[in-house]
Amino acid sequence: MEKAIITVAPTGEGPKKSDNPAVPTTPREIAEDVFEAYQAGAAVAHLHMRDEDENPSMSTEKFIETVHLIREKCDIILNLTTSGDVTAEDEIRLAHLRELKPEMASFDCGSMNWMNETLFINHPAFLEKLGYTMQEHNIKPEIEIFDTGMVYNSLFYKKTGVLKSPIHYQFVMGAPGGIPASIENLIFLTRMIPEDSTWSAFGIGRFHLPIMAATLALGGHVRIGFEDNIYYTKGKLAKSNSELVARGVRMANELDRGVATVEEARKILGLA
Ligand code: ZN
């Protein structure tokens with residue numbers, strides 16, 4: 001098996017400081033957290049922005065500021081969300097990609113009910129535009145899969161040229177409205193994707209540890225951080241993203257996977 005790539009997802013759009021005071025929400029806090037996670041072993045950082053009230057934001061200015069602060073400290077692979085605010089207009093979801101041309105960005109391969117509260121809309125016209133915009137700027141899509149039908153969509157986009165092989169998948173397991181986080185479902189998803197794909201997975205909340213252990217055993221890559229889970233163990237909040245990353249590193253090493261450096265991750269993911 002190849003070495004495990006650890007992606008840190010430090011913020012997301014959900015948790016606030018009232019949930020866990022260590023959640024980074026300003027550009028400076030996010031950049032410092034990413035650097036700590038990089039030092040702990042993360043090779044990729046998946047970034048979301050927040051506004052002054054910690055609400056989700058797709059502010060291009062905040063992305064620019066955060067990316068510049070991170071780049072002063074390290075060359076971690078940057079993976080910017082395109083879904084940081086489910087109410088944002090399509091052009092706003094693309095603006096930071098055109099501006100920053102990150103190595104990676106998320107591509108949410110379908111629509112769903114979001115957290116039993118609202119709609120998470122990724123219209124086919126938007127996904128087509130997103131896929132071609134990423135190709136134009138040499139950005140590798142990370143295909144986020146919240147449920148089985150989204151894998152099927154990705155195969156359609158591979159056929160039509162919106163997505164290029166090899167595809168990199170991120171299986172999001174246990175999001176309300178998406179596929180339940182079980183090891184059976186994880187194996188099922190890995191069997192649906194093209195053979196030349198790379199893949200990563202994570203479970204939301206209490207499913208974080210079992211899905212991480214199963215993913216490492218199956219040869220996948222892992223995503224770790226407050227976007228998906230704010231606890232270290234049951235009832236005990238994590239002190240930082242880097243504390244969670246350090247545990248992932250120990251687990252990968254104990255399972256004899258080892259952890260990919262940034263340069264090794266670039267090779268595995270086929271980044272230029
Ligand atoms: Zn995200």
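Note that ligands are numbered from 1 as they come in the structure, with each ligand's atoms numbered from 1 the same way.
- Using cut-offs of 30° and 60° on the angle between ring planes, the pair Phe146 and Phe120 is perpendicular.
- Separating the NZ atom in Lys73 from the CD atom in Glu36 is a distance of 8.5 Å, to the nearest 0.5 Å.
- Partners of Glu103 according to the salt bridge (charged side-chain N to carboxylate O under 4.0 Å, His left out) rule, which considers only residues two or more places apart in sequence or in another chain, are Arg266.
- Grouped by direct or indirect side-chain proximity (heavy atoms under 4.5 Å, Ile/Leu/Val/Met/Phe/Trp/Tyr only), Ile121 sits with Leu119.
- No side-chain donor-acceptor contact under 3.5 Å links Thr81 and Ser83.
- Evaluation of the ring pair (Phe, Tyr, Trp, His ring centres under 6.0 Å) rule for His46 yields His48 as partners, not counting sequence neighbours.
- Under 2.8 Å from the Zn ion (ligand 1), one finds the following protein N/O/S atoms: His46 NE2, His48 NE2, Glu227 OE2.
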